[in-house]
Amino acid sequence: MFAKGRALFGQAVSAAAKVDVPSGMGDAAALVRAYESLGLGSFWKTDSEGCLTYLSSAASAALGVSEGLAGRRLLDLFLRPEGESERTLPFVMARKGRFERVTVRSERAGEVRWWSVSGEPRQVGGEFVGFLGHCVDITTERLSAEENSHQALHDPLTGLLNRRHMSQLLDKTLTAFAPQQRSCATMLIDLDRFKQVNDTMGHAAGDALLQQVADRMVRVVGDKERVSRLGGDEFQIILPDQDDRGVLGDIATSLISSISQPYSIDGNRCIIGASVGVAISPYDGDGKDELLRNADLALYAAKGSGRGRFRFFCPDLLKAAEDRRLLEEDLHDALEKGELEVHYQPVVRATSNIVTGVEALVRWNHPEHGMISPARFIPIAEESKLIKVIGEWVLRQACADAAHWPGNLRVAVNVSAVQFADEGFPAIVASALASTQIDPDRLELEITEGVFLQEGCTTDARFNALKGLGVRLALDDFGTGYSSLSYLKTAPFDKIKIDQSFVRGATGADSRNRAIIAAIVALAEALGMDTTAEGIESFDQFELMKQLKVTLVQGYIYSQPIPNDEFVANLAGGQWEIEPVGPAHQRHERQAMYRRVGVVHDNHYYPVVLRNLSASGALIEGLTDVPVGTTFVLDLGDGQLTVATVRRSRKSQQGLEFETMLVSDGNGGMCARVRVSPYQLVAAGVPQNMRGDGPHLIGQADGKMSLPAFGMATDWKARSEAA
Ligand code: C2E
Ligand code: CA
Ligand code: CA
């Protein structure tokens with residue numbers, strides 16, 4: 001062994017000319033000394049019991065046995081290996097054969113070092129008498145190799161997994177989970193308004209912001225190795241064995257609210273937001289690519305429904321993406337073809353029922369699809385930049401209509417953040433005022449917090465330019481987004497509009513919204529601003545708003561948005577006093593619908609129509625002869641099976657109570673917390689689509705073929721076709 005060593009280390013020895021070699025020492029011994037003292041490696045020797053009889057001084061010091069070797073076993077110098085393998089030191093030494101470069105670790109004073117150990121058995125007269133060996137401290141190489149592999153797998157800026165590594169991880173997880181029928185959720189997260197921060201505060205600030213975002217995400221998820229930065233301001237998380245949409249919704253909400261807290265960067269404050277799309281394997285796709293595409297569609301939908309939201313994938317999104325593309329095409333010529341109209345919804349003084357103004361709301365009368373909600377096409381317009389043309393047209397139309405109204409009724413116009421950010425916007429407003437000659441004080445521009453978060457001095461300059469024209473400014477949709485009251489102190493608002501979702505949440509017995517609204521009203525009053533409560537439908541909401549001293553009310557309790565002629569007709573007497581009309585109570589978040597679903601009872605699957613749905617129950621239609629107390633499984637589609645008990649049954653309608661509550665789908669709708677996986681659905685014979693006219697048998701035929709327990713309503717066919 002030493003002969004080999006000589007050739008290998010010849011270079012080192014010649015470089016070691018200065019090394020003191022005691023005279024009278026044999027060549028081999030001198031070489032060993034030279035080698036040791038250069039720190040290139042250490043030699044060791046054990047007896048047949050594995051106890052050390054020799055160890056180079058360099059290794060003795062590093063391994064803490066300088067005091068003496070008496071009774072010390074080689075194995076005891078190193079940490080016990082993790083796991084069982086043929087490459088561990090105890091294993092190879094027990095075999096009493098030759099071994100090479102076995103990696104071991106030592107620990108001394110809290111410092112871990114890595115060693116590569118080789119050894120050769122010594123024999124005397126055919127009998128094993130111990131090992132003669134060599135060891136090298138490889139800590140430095142080891143750490144730099146780890147560093148390199150960390151760099152190859154991680155994003156250098158945030159230390160999170162990089163895109164490539166995340167992609168492999170997801171792929172590996174899904175492949176391993178599929179045979180075990182385990183689930184795995186993935187979330188795509190996109191920061192809202194990150195680009196503005198980057199543009200206005202600089203690249204370095206953008207980097208610092210991304211690092212803080214990464215830290216916050218890791219804190220929510222609790223495991224750094226599950227979070228990835230895909231690039232830019234896009235992130236991905238994987239959550240193995242998680243298919244509970246209640247839990248996933250909570251995680252997504254925590255991510256959004258954590259990311260949306262203000263950041264301090266070099267003493268500057270900034271706020272961004274986040275949108276989250278969620279897809280869960282195997283329900284929403286079993287391969288990596290399909291799952292990712294679907295998470296991406298969900299993310300896109302989350303952004304489209306107002307940002308700062310999460311959204312679960314559902315198959316409708318695939319169709320929605322296509323519909324959206326087609327709508328965008330049509331929207332290009334909608335204005336030219338005269339398909340857009342402006343309707344006006346009265347804003348009423350709650351104490352007198354007198355209309356003080358209106359909000360202009362754009363309407364699109366599509367030749368094929370009929371009326372399309374602005375909630376649907378405005379986001380498309382915003383994305384395709386069509387919003388500038390459409391927004392300008394609405395503004396000019398609203399001013400032109402207002403010029404013909406009697407008195408000083410105000411007209412409020414919604415301004416999208418994209419329009420507001422445009423440098424030419426104040427000039428457009430000035431031109432609309434000039435050409436219609438309306439008093440600037442009659443024009444109110446409704447803007448959302450979104451514009452604010454665009455950062456920097458341009459926002460202030462824009463506010464000043466608009467205030468300089470004499471128009472009024474309203475903060476719209478308060479209570480939906482970040483709802484920071486700090487904007488109110490800095491920007492010259494004349495009004496706060498409290499969003500309908502916030503009002504809705506205020507009527508509950510233990511709602512905090514009530515106290516928040518009271519605080520907003522007090523603050524607005526102190527700052528000389530008006531308050532409008534939006535979306536008031538029922539008397540309980542109405543009375544509450546009056547009690548909380550909200551000055552103005554807008555909602556169906558007074559009037560829906562109406563065409564200009566109708567509005568003008570109501571103003572014939574000079575002013576319009578409206579008697580509020582509406583239900584006493586807000587209906588309990590029960591969403592009316594007309595959707596085909598299925599019911600499973602015994603061996604039968606019945607198609608039915610879902611008429612309404614709340615978190616705790618539903619109303620179905622289509623079955624007859626269903627006794628109260630019947631328990632069956634409601635199939636809401638896509639594996640959403642919910643155990644339900646019939647609480648009311650009248651002719652062909654049954655009121656159901658769910659065994660477990662549905663959870664929010666992040667989009668104002670509801671979904672089942674946990675889905676039944678496609679594997680189980682197929683195994684149970686549940687149909688993959690809910691077509692079919694009557695009950696049919698499902699499940700394994702176990703000899704107990706029953707007849708359908710319920711009849712189908714006679715007008716079923718007509719109903720189901722409508723659905
Ligand atoms: P918004 O600014 O929050 O407008 C109020 C929305 O609530 C309107 O929906 C209105 O019809 C509806 N609403 C009013 N009272 C009630 C009520 O009592 N109950 C219920 N359930 N809803 C009520 P609409 O007209 O569908 O508009 C939706 C959104 O589209 C608006 O929300 C606004 O953000 C946007 N939008 C509408 N027109 C324009 C426009 O010209 N420009 C821009 N940029 N956005 C617009
Ligand atoms: Ca509005
Ligand atoms: Ca609103």
Side-chain angles (χ1 to χ4, degrees), residues 304-307 331 334-335 340-348 350 357-365 371-399 401 410-422 425 428-429 432 443-451 472-481 493 495-504 507 532-542 545 552-563 578 580-583 586-587 589-592 668:
S305 55
R307 295 170 189 267
L331 193 55
L335 199 53
L340 298 187
E341 277 173 51
V342 182
H343 284 200
Y344 298 96
Q345 184 175 35
V347 177
V348 186
V358 292
E359 175 175 2
L361 293 158
V362 68
R363 296 289 177 260
W364 180 11
N365 197 352
M371 279 294 179
I372 297 176
S373 161
R376 211 167 143 213
F377 72 83
I378 291 290
I380 299 178
E382 284 176 336
E383 214 158 87
S384 57
K385 305 285 174 235
L386 281 169
I387 191 66
K388 286 191 190 169
V389 193
I390 294 175
E392 180 173 348
W393 178 79
V394 173
L395 176 72
R396 291 185 184 275
Q397 186 66 45
C399 290
D401 287 342
R410 288 205 165 112
V411 61
V413 176
N414 290 285
V415 177
S416 128
V418 185
Q419 276 174 283
F420 186 86
D422 184 22
F425 182 63
I428 292 171
V429 176
L443 177 62
E444 194 163 73
L445 302 177
E446 295 195 358
I447 48 193
T448 58
E449 288 173 310
V451 303
R472 287 165 53 94
L473 298 174
L475 177 59
D476 202 1
D477 291 351
F478 190 86
T480 53
F493 283 112
K495 179 188 268 187
I496 308 176
K497 299 193 75 176
I498 304 163
D499 192 71
Q500 53 176 286
S501 60
F502 208 69
V503 171
R504 230 143 265 200
T507 46
T532 299
E534 291 187 275
I536 304 296
E537 290 181 358
S538 58
F539 276 95
D540 58 343
Q541 294 169 343
F542 184 59
M545 291 307 118
L552 300 166
V553 161
Q554 186 184 341
Y556 297 169
I557 196 160
Y558 280 122
S559 170
Q560 302 229 350
I562 49 173
I578 312 179
V581 178
Q586 169 189 30
R587 261 162 285 131
E589 284 160 49
R590 198 154 258 238
Q591 296 171 334

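Just so you know, ligand 1 is whichever comes first in the structure, and atom 1 is the first atom listed for that ligand.
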Part of E359 within contact of ligand 1 (heavy atoms, under 4.0 Å): side chain
R504 (side chain) donor-acceptor with G535 (main chain) under 3.5 angstrom: yes
For D476, atoms of ligand 1 separated by under 4.0 Å from a heavy atom: 2 (O)
Distance (rounded to the nearest 0.5 Å) between Q419 CD and I390 CD1: 9.5 Å
side-chain contact (heavy atoms from CB on, under 4.5 Å) between D477 and E446, worked out: CA-CA 9 Å; D477 291 351; E446 295 195 358; over 6 Å; no
Region of Q345 that comes within reach of ligand 1 [heavy atoms, distance under 4.0 Å]: side chain
Nitrogen or oxygen of V362 less than 3.5 angstrom from that of ligand 1: yes
Atoms of ligand 1 close to D477 [distance to a heavy atom under 4.0 angstrom, numbered from 1]: 3 (O)
Close-contact set for ligand 1 against V394 heavy atoms, below 4.0 Å: 41 (O)
Under 4.0 Å to a heavy atom of E537 - the qualifying atoms of ligand 1, by number: 17 (C), 18 (O), 19 (N), 20 (C), 21 (N)
Numbered atoms and elements of ligand 1 in range of R363, under 4.0 angstrom, heavy atoms: 11 (O), 24 (P), 25 (O)
Pairwise distance CG(D476) to CZ(F493) - rounded to 0.5 angstrom: 9.5 Å
N or O pair under 3.5 Å between N414 and ligand 1: yes
Separation between CD1 of I387 and CD1 of I378, rounded to the nearest 0.5 Å: 4.0 Å
Ligand-residue contact atoms, ligand 1 with I536, heavy atoms, under 4.0 Å: 18 (O)
Ligand 1 contact by K497, heavy-atom criterion under 4.0 angstrom: no
Interatomic spacing from CD in E359 to CD in E534 - rounded to 0.5 Å: 6.0 Å
Parallel, tilted or perpendicular: rings of F542 and Y558 (30°, 60°): perpendicular
Where the Ca ion (ligand 2) is the vertex, angle from E359 OE2 to E446 OE1 to 10°: 90°
Interatomic spacing from CD1 in I578 to CD1 in I557 - rounded to 0.5 Å: 11.0 Å
Nitrogen or oxygen of Q500 less than 3.5 angstrom from that of ligand 1: yes
Worked verdict on F478 versus D499 for side-chain contact (heavy atoms from CB on, under 4.5 Å): CA-CA 5 Å; F478 190 86; D499 192 71; 5.9 Å; no
Sub-4.0 Å atoms of ligand 1 with respect to non-hydrogen atoms of P561: 11 (O)
Q560 contact mode with ligand 1 (heavy-atom cut-off under 4.0 Å): neither
Closest to atom 10 (C) of ligand 1 among L361, V418, I378, I372 (heavy-atom distance): L361
Interatomic distance, E537 atom CD to Q500 atom CD [nearest 0.5 angstrom]: 7.0 Å
Pair V415-V429, side-chain contact (heavy atoms from CB on, under 4.5 Å): steps then yes or no: CA-CA 11 Å; V415 177; V429 176; over 6 Å; no
Nearest neighbour of atom 23 (C) of ligand 1 from the list Y556, F420, Y558, on a heavy-atom basis: Y556
Proximity flag S373 to ligand 1, non-hydrogen atoms under 4.0 Å: yes
Metal site angle (apex the Ca ion (ligand 2)), OD2 from D476 and OD1 from N414, 10 degrees: 80°
NZ/NE/NH1/NH2 to OD/OE distance under 4.0 Å, E392 and K388: no
Proximity to ligand 1 by part of E382, non-hydrogen separation under 4.0 Å: neither
